[in-house]
2 protein chains.
Amino acid sequence: MTYTVEIKVMPLKELLDPQGKAVMGGLANLGLGGVEDVRIGKNITLQVNAGSPEQAKQIAEEASRKLLTNPVMEYFEVSVN
Amino acid sequence: MTYTVEIKVMPLKELLDPQGKAVMGGLANLGLGGVEDVRIGKNITLQVNAGSPEQAKQIAEEASRKLLTNPVMEYFEVSVN
């Protein structure tokens, strides 16, 4: 069966996110007040063919560790729909 | 009050996603079978100071339309936590 797996990859909370800071400046210039912090990461949607949701999640976690994330700068969260 | 708003920005389903195709090739090279499709987008987390969750969502949607997404190539989903 094919499962849809979502992987959220975000910059570690301890690190500065320069892209997010730039967007925050842009929002302020557009007059959009109220935004206090912006962090930008990746969202990766996989279609995984696996025997169970657990196996699909395992494949996605392995993909995250081996290719999709840089553990020095990013963390990831996997969810199976 | 400060609300955490997540904005998911993904390439439109009708369009080819070259970045996703490249990642799919990379996963196949790593021997990670079972992945049938990959699509890559952005995940943006905002901290919004607003009077209600509805108002926070409205601010995030306006930010998405005005700055964060390109409607020709991307769609977005906003969720307030």
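So that the names make sense, note that chain A is the first sequence line, chain B the second, and so on, each numbered from 1.
- With contacts defined as side-chain heavy-atom distances shorter than 4.5 Å, the pair B:I59/A:L32 qualifies.
- The side-chain heavy atoms of A:L67 and B:L27, taken from C-beta on, include a pair separated by under 4.5 Å.
- Hydrophobic clustering (ILVMFWY, side-chain heavy atoms < 4.5 Å, transitive): A:L30 and B:V78 are in one cluster.
- At a 4.5 Å heavy-atom cutoff, the contact between A:M10 and chain B is made by side-chain atoms alone.
- For chain B, no part of A:A50 is nearby; none of its heavy atoms comes within less than 4.5 Å.
- Both B:M24 and A:F76 are part of a single hydrophobic cluster, where members link through side-chain heavy atoms under 4.5 Å apart.
- At a 4.5 Å heavy-atom cutoff, the contact between A:L68 and chain B is made by side-chain atoms alone.
- Side-chain contact check for A:I44 versus B:V23: every heavy-atom pair is 4.5 Å or farther apart.
- Linking Ile, Leu, Val, Met, Phe, Trp and Tyr residues whenever their side-chain heavy atoms come within less than 4.5 Å places A:V5 and A:M1 in a single cluster.
- A:T2 touches chain B through its side chain: at least one heavy atom from C-beta onward sits under 4.5 Å away, while N, CA, C and O do not.
- Interface residue A:E6: only side-chain heavy atoms are found under 4.5 Å from chain B.
- With hydrophobic clusters built from ILVMFWY side chains whose heavy atoms lie under 4.5 angstrom apart, A:L16 does not share a cluster with A:I40.
- Going from atom CZ of A:R39 over to atom CG of B:N43 covers 12.0 Å, rounded to the nearest 0.5 Å.
- Within the 4.5 angstrom heavy-atom criterion, only side-chain atoms of A:K8, from C-beta onward, approach chain B.
- The distance from atom CD of A:E36 to atom OG1 of B:T4, rounded to the nearest 0.5 Å, is 10.0 Å.
- A:L12 and A:V9 are assigned to two separate hydrophobic clusters, defined by single-linkage of ILVMFWY side chains at heavy-atom distances under 4.5 Å.
- Side-chain contact between A:Q47 and B:V35: absent, with no pair of heavy atoms (C-beta onward) separated by less than 4.5 Å.
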